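Excluded from the calculations below are hydrogen atoms, water molecules and symmetry mates; all remaining heavy atoms, backbone and side chain alike, are included. Quick note: residue numbers are just sequence positions, from 1. None of these values were measured; they are calculated from a predicted model.
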Amino acid sequence: MRRDYFDIDVSGTEESSTDDPVIAIAFDGPDELLSDRLTSDGGTLDAGELDVTYRTRADGSEAAGVLSIANRHNGEYVLEANVAPSVVESVVAAASDGEDTRYRLRLTDGDGKSTVYTKEILLVYDESGSLSRGRSLIPGGVEL
């Protein structure tokens, strides 16, 4: 799936916000492509079946990173989208400031149907593929 099919918006990252931060991803690609990737034999994938990661790129572009969502069971990518590092940093910082380290992921397909997932982990990797623990959202008690 092409990365330019996705528009990313973030909210709840301001200091004054009391809500969980939200990464809103709107899909503008071929009909049913995203919804097909969000389903399995058991129905629609839930939050525990999706892994969210971000990897930086060293290409110097404004969107110098890729946000990826993968199916935890089979490892297949649900989607990848170009995202500026500052966007991910703001979500991690806002989610870390609250009592619960969590954020919401809202995926909206081409038909306008939105699915919201509450997530606690957002792993950030550097250009060489090494986990950057200090820049990731990893709640206490979770070992990787």
- Test side-chain contact (heavy atoms from CB on, under 4.5 Å) applied to T101 - qualifying residues, sequence neighbours left out: L137, P139
Can you tell me how far [atom2] of [Y] sits from [atom1] of [X], rounded to the nearest 0.5 angstrom?
X	Y	atom1	atom2	result
R133	I138	CZ	CD1	5.5 Å
S40	N74	OG	CG	8.5 Å
L34	I25	CG	CD1	9.0 Å
I69	L79	CD1	CG	4.0 Å

Under a 4.5 Å cut-off applied to non-hydrogen side-chain atoms, are [X] and [Y] in contact?
X	Y	value
P30	Y5	yes
V66	N82	yes
V87	L67	no

- Applying side chain to side chain donor-acceptor pair (under 3.5 Å) to S114 and not counting sequence neighbours gives T108
- Task: Report the residues that fulfil side chain to side chain donor-acceptor pair (under 3.5 Å) with T53, sequence neighbours left out, ordered by chain and then residue number.
- Result: none
Among residues at least two apart in sequence or on other chains, which ones pass salt bridge (charged side-chain N to carboxylate O under 4.0 Å, His left out) with [X]?
X	answer
D4	R2
D109	none
E80	R3, R55

Sequence neighbours excluded and cut-off under 3.5 Å, please list the side-chain donor-acceptor pairs for residues 6-24, or say none.
residue, atom, partner, partner atom, Å
S17, OG, D19, N, 3.3
D20, OD2, R102, NE, 2.7

- Message: Once salt bridge (Lys or Arg N to Asp or Glu O under 4.0 Å) is applied, what residue pairs with a partner in residues 38-54 remain, sequence neighbours excluded?
- Response: D51-R72
- Item | Check: D126 main-chain N/O paired with S130 side-chain donor or acceptor under 3.5 Å | no
- Message: Considering only residues two or more places apart or on different chains, which pairs with a residue in residues 70-93 satisfy ring pair (Phe, Tyr, Trp, His ring centres under 6.0 Å)?
- Response: none
Scan the side chains in residues 116-125 for donor-acceptor partners under 3.5 Å anywhere in the protein, sequence neighbours excluded, and list what turns up.
residue, atom, partner, partner atom, Å
Y117, OH, L45, O, 3.4
K119, NZ, A47, O, 2.7
K119, NZ, L50, O, 2.4

